[in-house]
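Accompanying notes for the structure given below.
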Amino acid sequence: MKSIMNCKSSSILKLVFFLFLISGNVISQQLTKQEAIRLTLENNFGILIATNNIAVAKNNKGVLNSGYLPTLTGNAGANYQSASSTTSFGGAINPNTGEPRSDIEIEDAETQRYNAGLNLNYTLFDGLGRFYNYKRLKEQYNLTELQARETIETTILQLFSVYYEVARLSENKEILEETLRISKERILRSNYQFEYGQNTKLNVLNAEVDVANDSINLLNTRQQLINTKRDLNVILDNDLTYEFEVDTIIKFIPKLELEEYLSKSTENNITLLQNESNIRISDYDIKVSKSGYLPSIGLTGSYGWNENRNPPSAFFPGNVSDTYTLGAGVSLTWNLFDGGNTITRVKNAKIALDNQEIIKSQIEKEVKRDIANALGNYENRLNVFEIQQQNVITNQNNFERSQERFKLGQITSIEFRQAQINLILAETNKNSAKYDAKIAELQLLQLTGQLLNIEF
């Protein structure tokens with residue numbers, strides 16, 4: 001019996017040593033927070049689409065789309081005609097010969113006509129519609145930039161939600177690995193004590209059950225970690241099998257710095273900034289619509305060339321004629337009444353502006369509420385984290401004392417296991433509280449408009 005138990009213990013030790021060697025040889029690349037942000041900004045699909053939208057808005061606000069440049073059109077044409085004709089003189093006498101005139105036949109007489117021209121049009125004044133539309137396009141570009149910033153902020157927040165989940169599971173995995181190591185040592189100790197008659201077989205079985213439970217918990221956590229790493233690789237647009245380790249160090253923003261951010265939240269909140277941009281766009285829409293009340297003045301210019309190649313006829317020889325024309329003019333157009341379309345557009349534009357003002361009042365209250373809630377959540381989670389830190393210290397001390405007493409046979413295996421479970425829960429709860437507090441801080445920073453201005 002003793003030799004069998006020694007053989008079993010030796011096999012377990014060899015297996016543990018082999019796993020230790022394997023884990024030591026697996027080298028994963030360190031994925032820092034800065035590197036994760038860089039990869040996200042470069043590869044994330046949503047950010048790439050937002051960047052393309054900015055490029056489109058930039059093209060729209062350019063001078064080529066402003067209406068301030070003239071239009072120049074060219075035209076050209078060519079016509080070809082072939083005809084045959086017969087001219088009869090009806091028995092008339094040729095005065096030179098005294099004989100009847102003969103018919104004149106012309107075969108395949110070719111007529112060719114060519115033309116080319118340039119037309120220049122330039123609007124000098126269009127009731128200021130072009131001026132305000134140009135300003136509107138510039139403001140639309142600013143709004144697109146704000147929308148892209150919102151997309152980036154949301155994506156960064158999503159990135160760190162997954163990044164910190166990987167960090168939490170990584171730390172939990174280490175805790176469970178240490179727990180499993182202690183439980184395996186407990187099996188060895190229980191077997192030795194059983195061999196020497198210091199405890200019963202029940203203690204050995206309890207230890208084996210606890211090892212099985214710890215192994216299952218470790219396997220489940222490892223699988224969750226693998227799945228979460230795949231989620232992070234999708235955000236980074238990495239290969240799904242890319243293996244890495246994350247940074248588990250957390251730094252919280254000092255209170256004074258956070259208070260400064262909160263004091264400027266109304267100036268930097270992305271939702272409020274977008275609403276203000278929409279208000280300016282609505283105001284420009286009114287001014288563009290009002291331009292329909294005013295006349296428009298335009299300049300026109302033209303240059304043309306025509307060439308006609310006429311075949312000879314019965315009475316005239318063939319000829320070629322070239323014509324060159326140059327023209328310029330000024331035009332004034334004033335739509336005195338367009339059936340009420342301009343009046344309707346102006347009224348609707350004013351209503352749209354009024355809606356944006358109403359939305360602004362609503363958003364201001366919602367943003368204040370969201371910031372207050374986010375601040376309360378952050379402070380609460382920070383307090384929970386501090387309590388959990390102290391709880392870990394308490395449970396660590398309790399476990400170490402229980403472990404010593406268990407080795408001395410002063411407490412049962414059930415009491416020891418309870419102390420071990422309490423320590424596991426305390427450590428995993430501390431990890432959860434730490435990353436929950438950090439995510440709450442990032443959510444608060446997003447609402448204050450400072451998420452992209454901090455060091456992670």
Side-chain angles (χ1 to χ4, degrees), residues 20 22-44 46-47 152-179 218 220-255 257-258 261 374 377-378 381-386 388-393 396 424 426-446 448 450-456:
F20 174 78
I22 292 178
S23 62
N25 291 328
V26 175
I27 301 176
S28 299
Q29 184 173 348
Q30 181 75 12
L31 179 65
T32 63
K33 301 180 182 71
Q34 290 73 21
E35 180 67 10
I37 293 173
R38 185 188 67 81
L39 291 173
T40 301
L41 295 177
E42 291 179 358
N43 302 325
N44 183 264
I47 293 178
I152 293 173
E153 288 181 354
T154 303
T155 305
I156 293 299
L157 189 60
Q158 179 190 13
L159 164 68
F160 279 104
S161 296
V162 181
Y163 186 94
Y164 288 137
E165 179 65 11
V166 172
R168 185 186 72 84
L169 291 171
S170 297
E171 290 191 318
N172 285 355
K173 180 173 71 72
E174 293 177 359
I175 293 170
L176 294 175
E177 286 174 346
E178 176 64 16
T179 301
L218 179 58
N220 289 334
T221 300
R222 282 176 175 170
Q223 187 58 48
Q224 291 176 8
L225 178 60
I226 292 171
N227 294 343
T228 309
K229 284 185 175 181
R230 290 196 188 102
D231 293 338
L232 187 56
N233 279 329
V234 169
I235 296 175
L236 304 177
D237 193 27
N238 276 338
D239 187 273
L240 292 180
T241 59
Y242 176 71
E243 182 59 34
F244 57 86
E245 298 296 332
V246 298
D247 185 5
T248 58
I249 298 176
I250 294 295
K251 295 180 180 179
F252 293 100
I253 294 178
K255 186 176 182 180
E257 187 175 348
L258 188 59
Y261 292 157
N377 291 337
Y378 171 61
R381 292 181 181 181
L382 206 57
N383 291 333
V384 171
F385 173 54
E386 293 174 356
Q388 291 292 356
Q389 282 181 305
Q390 184 59 46
N391 191 35
V392 168
I393 295 174
Q396 182 67 42
I424 295 171
E427 290 178 329
T428 55
N429 288 338
K430 185 204 72 172
N431 289 338
S432 297
K434 176 174 68 172
Y435 295 113
D436 286 346
K438 187 60 181 179
I439 292 298
E441 181 188 76
L442 296 181
Q443 291 171 341
L444 179 60
L445 290 171
Q446 183 187 24
T448 59
Q450 300 295 335
L451 182 62
L452 304 181
N453 301 326
I454 63 168
E455 292 291 335
F456 289 92

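Keep in mind that the numbers below use all heavy atoms, side chains included, and drop hydrogens, waters and symmetry copies. The structure presented is a predicted model; accordingly, all values stated were derived computationally and were not measured.
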Results of side chain to side chain contact (heavy atoms under 4.5 Å, CB included) for [X] - residues two or more places apart only:
| X | value |
| --- | --- |
| Asn453 | Gln450 |
| Ile393 | Gln390, Asn397 |
| Asn172 | Arg168, Ile175, Thr221, Thr428, Asn431 |
| Val162 | Thr228, Asp231, Leu232, Ile235 |

Non-hydrogen side-chain atoms of [X] and [Y] separated by less than 4.5 Å:
| X | Y | value |
| --- | --- | --- |
| Asn391 | Asn429 | no |
| Leu240 | Val234 | yes |
| Asn238 | Phe244 | no |
| Leu258 | Phe252 | no |
| Lys173 | Leu218 | yes |

With sequence neighbours excluded, what pairs up with [X] under the side chain to side chain donor-acceptor pair (under 3.5 Å) test?
| X | answer |
| --- | --- |
| Arg38 | Glu35, Glu42 |
| Asn227 | Gln223, Arg230 |
| Glu386 | none |
| Glu153 | Arg149 |

(request) Applying salt bridge (charged side-chain N to carboxylate O under 4.0 Å, His left out), name anything that partners Glu427, two or more places apart in sequence or on another chain. (result)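 Partners of Glu427 by the salt bridge (charged side-chain N to carboxylate O under 4.0 Å, His left out) criterion come out as none, since no residue qualifies.
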(request) Report the residues that fulfil salt bridge (charged side-chain N to carboxylate O under 4.0 Å, His left out) with Lys430, sequence neighbours left out, ordered by chain and then residue number. (result)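 Partners of Lys430 under the salt bridge (charged side-chain N to carboxylate O under 4.0 Å, His left out) test: none.
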Between [X] and [Y], is there a donor-acceptor pair closer than 3.5 Å when you use the side chain of the first and the backbone of the second?
| X | Y | value |
| --- | --- | --- |
| Lys229 | Glu245 | no |
| Asp436 | Arg381 | no |
| Asp237 | Asn44 | no |

(request) Please list, chain by chain and in numerical order, all residues satisfying ring pair (Phe, Tyr, Trp, His ring centres under 6.0 Å) with Phe160, sequence neighbours excluded. (result) Tyr163, Tyr164, Phe456
(message) Tyr378: which residues meet the ring pair (Phe, Tyr, Trp, His ring centres under 6.0 Å) condition with it, sequence neighbours left out?
(response) none
Give the minimum heavy-atom separation between [X] and [Y], together with the two atoms involved.
| X | Y | answer |
| --- | --- | --- |
| Leu444 | Ala374 | CD1-CB, 3.8 Å |
| Ser161 | Ile439 | CA-CD1, 3.6 Å |
| Leu225 | Ser170 | CD1-OG, 3.6 Å |
| Ala426 | Gln388 | O-OE1, 4.1 Å |

(request) Give the C-alpha distance, both sets of side-chain angles, the deciding distance and a yes or no for side chain to side chain contact (heavy atoms under 4.5 Å, CB included) between Leu442 and Ile156. (result) CA-CA 9 Å; Leu442 296 181; Ile156 293 299; over 6 Å; no
(request) Go through the steps to decide whether Val166 and Leu31 satisfy the test side chain to side chain contact (heavy atoms under 4.5 Å, CB included), and finish with yes or no. (result) CA-CA 11 Å; Val166 172; Leu31 179 65; over 6 Å; no
(message) Please report the interatomic distance CG(Leu445) to CD(Glu257), rounded to the nearest 0.5 Å.
(response) 8.5 Å
(request) To the nearest 0.5 angstrom, please state how far the NZ atom of Lys434 sits from the OG1 atom of Thr248. (result) 5.5 Å
(request) Step by step, work out the side chain to side chain contact (heavy atoms under 4.5 Å, CB included) result for Leu236 and Leu159. (result) CA-CA 8 Å; Leu236 304 177; Leu159 164 68; 3.8 Å; yes
(request) Mind running side chain to side chain contact (heavy atoms under 4.5 Å, CB included) on Ile47 and Ile152 for me, showing each step along the way? (result) CA-CA 6 Å; Ile47 293 178; Ile152 293 173; 4.1 Å; yes
